[in-house]
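Just below is one structure, and these are the notes that go with it.
In each ligand, atom 1 is the first atom listed, and ligand 1 is the first ligand listed. In this text the structure is predicted, and so the values were computed from the model without any measurement. These values consider heavy atoms only, across backbone and side chains, with no hydrogens, waters or symmetry-generated copies.
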Amino acid sequence: MNIPVVNLFKTKTAADSEVSATIGHITGFLSGFSVEATRPKPGDVEAVAQNAPGGTHLYLSAIPTRPSTELVEQAVLTRKAGIEPVPHIAVRNYASKDELSSLLQRLSEEAGVRRILVISGDRPDSAGAFTASIEVIESGVLQKYGIEEIGIAGHPDGHPVVADGVMQRALLAKIEAAEQGGLKADIVTQFGFDAMAMIRWVKKLRDLGVEAPVRIGMAGPTNLTTLLKYAQRCGVKASVGGVAKHAGLVKHLFGVSAPDGIVRALADANATGSLGPVSAHFFSFGGIGATTRWASHAQKGRMTLDSEGFTVEA
Ligand SMILES: NC(=O)C1=CN([C@@H]2O[C@H](COP(=O)(O)OP(=O)(O)OC[C@H]3O[C@@H](n4cnc5c(N)ncnc54)[C@H](O)[C@@H]3O)[C@@H](O)[C@H]2O)C=CC1
Ligand SMILES: Nc1nc(=O)c2c([nH]1)NC[C@@H]1CN(c3ccc(C(=O)N[C@@H](CCC(=O)O)C(=O)O)cc3)CN21
């Protein structure tokens, strides 16, 4: 027998169910989010471990001016905290194949690293051994030291010096090379502020037949000045107006910018099923602790929706 269930206290309105559907899209899109830190200290790694689910991927960015062995210490700390270390390997930084080999060997033996992000690096020249990421992917050196999965870079807003066509061919070739070498590959994109550009870029990749998961890069919560500084440092398009719009008017008054508007737009697009496998990757220009807490609370649905985005509850 069918007994109608009547909620005597509150009738669920269409607006309520729209809100819960949107929050569901956001929590779904954010599941398995990753974070990225530059030179994290022990307390920073601890903050990730305390706030993110175990096994969350923590990407460790490579600083050209720092010895790459620092990456080993950071990866060891990360592994000990129960978080998965994903070091950046900026291929232009290595003077020889041996130098890269010994770093990979230490990462593997001391920190159990199985995943890395292979990128060219910002220097306009090469330290000697490699000029483009594909050379390392094709070299066989990764498999030799136990690497099973690689991330490669994506540039939805274009690259400051490399033409779109060149980047697209490089991306397809790297995916092909990874497949040939038995490496699993995903794509991690440069951060940006234009959700529609990200959506168009992912759909174009799918049209080209790329099925690899895409981690869509975004800047975690930080103040506008810091955000603009990093955008400039990384060659990312970001007008003051565009970033302020992304921050939302009220949030802007407090000088804080969070990627909630972008997350919400991506989550809605993802819910239509048209993006293929996608997830979120947060750069932590405002601190890794704050970024991880923000992402983690949002992933649990601890938020209030506003006109275009949401505010995460403390
Ligand atoms: N998406 C992300 O999360 C990150 C992106 N990057 C930056 O992305 C850029 C591209 O790296 P990949 O996609 O791995 O390129 P890649 O190594 O696959 O190279 C693709 C093409 O671009 C050229 N190229 C690469 N880097 C260049 C540079 N700095 N200056 C001039 N030409 C360059 C290469 O010679 C090649 O023809 C680098 O500048 C890298 O530092 C860095 C860190 C993170
Ligand atoms: N072009 C580009 N290069 C990168 O290294 C990079 C990206 N894009 N996009 C995403 C992240 C952001 N990363 C960054 C961004 C800024 C610094 C930075 O300002 N570094 C300081 C030194 C910091 C320190 O020593 O602790 C610098 O002066 O280079 C580092 C990594 C790494 N990734």
Heavy-atom distance to [atom]: which of [options] wins?
atom                    : options                       : result
atom 3 (O) of ligand 1  : Phe283, Phe130, Tyr59         : Phe283
atom 17 (C) of ligand 2 : Phe285, Tyr59, Tyr230, Phe191 : Tyr230
atom 24 (N) of ligand 1 : Glu36, Arg92, Met167          : Arg92

Heavy-atom nearest neighbour in the protein, as seen from [atom], with distance rounded to 0.1 Å:
atom                    : answer
atom 39 (O) of ligand 1 : His159 NE2, 3.2 Å
atom 4 (C) of ligand 2  : Asp122 OD2, 3.5 Å
atom 17 (O) of ligand 1 : Ser133 N, 2.7 Å

Requested in this report: Could you tell me the separation between the CD atom of Glu211 and the CD1 atom of Ile175, rounded to the nearest 0.5 Å?
Outcome: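 Output value for this atom pair is 10.0 Å.
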Would you mind running through ligand 1 and noting each atom that sits below 4.0 Å from a heavy atom of [X]?
X      : value
Gly154 : 1 (N)
Ala170 : 20 (C)
Ala132 : 17 (O)
Val188 : 1 (N)
Ala153 : 1 (N), 13 (O)
Gln190 : 1 (N)
Val162 : 22 (O), 23 (C), 24 (N), 32 (N), 33 (C)
His155 : 5 (C), 8 (O), 9 (C), 10 (C), 13 (O)

Query - Ion pair check, Glu148 and Lys184, cut-off under 4.0 Å - result: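 Lys184 and Glu148: not salt-bridged.
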Would a 4.5 Å heavy-atom cut-off, applied to side chains only, mark [X] and [Y] as touching?
X      : Y      : answer
His25  : Val263 : no
Leu103 : Tyr94  : yes
Trp201 : Val214 : yes

Query raised in the report: Which is it for Ser61 and ligand 2 at heavy atoms under 4.0 Å: side chain, backbone, both or neither?
Result: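 Under 4.0 Å from ligand 2, Ser61 contributes side-chain atoms alone.
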Query raised in the report: Is it the side chain, the backbone, both or neither of Val236 that has a heavy atom closer than 4.0 Å to ligand 2?
Result: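 The answer is neither; Val236 stays 4.0 Å or more away.
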**Report entry** ligand 2 to Arg66 polar contact by distance, N or O atoms, under 3.5 Å
**Finding:**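 No, there is no polar N/O contact under 3.5 Å.
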Query - His281 near ligand 1 by a heavy-atom separation under 4.0 Å - result: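 So His281 does not count as touching ligand 1.
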Report task. Report yes or no: does Ile134 have a heavy atom closer than 4.0 Å to ligand 1? Result ->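 Flag not set, Ile134 not near ligand 1.
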Query raised in the report: Under 4.0 Å from atom 2 (C) of ligand 2, is there any protein heavy atom?
Result: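 Neighbour list for atom 2 (C) of ligand 2 includes protein heavy atoms (cut-off 4.0 Å).
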Requested in this report: Could you tell me whether atom 25 (O) of ligand 2 has a protein heavy atom closer than 4.0 Å?
Outcome: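 At least one protein heavy atom is under 4.0 Å away.
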**Report entry** side-chain contact (heavy atoms from CB on, under 4.5 Å), paired with Val118, selected from Ile134, Leu183, Ile147, Val91
**Finding:**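 Considering Ile134, Leu183, Ile147, Val91, a side-chain contact (heavy atoms from CB on, under 4.5 Å) with Val118 is found only for Val91.
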Report task. Taking atom CD of Glu18 as the centre, report whether more than 12 heavy atoms of other residues, nucleotides or ligands fall under 6.0 Å from it. Result ->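 Not buried by this count: 12 neighbours or fewer within 6.0 Å.
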Query raised in the report: Which atoms of ligand 2 sit under 4.0 Å from any heavy atom of Arg39?
Result: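 By the 4.0 Å cutoff, the relevant atoms are 24 (C), 25 (O), 26 (O).
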Report task. Ignoring angles and geometry beyond distance, decide whether Gly121 reaches within less than 3.5 Å of ligand 1 through its nitrogen or oxygen atoms. Result ->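 There is such a contact, yes.
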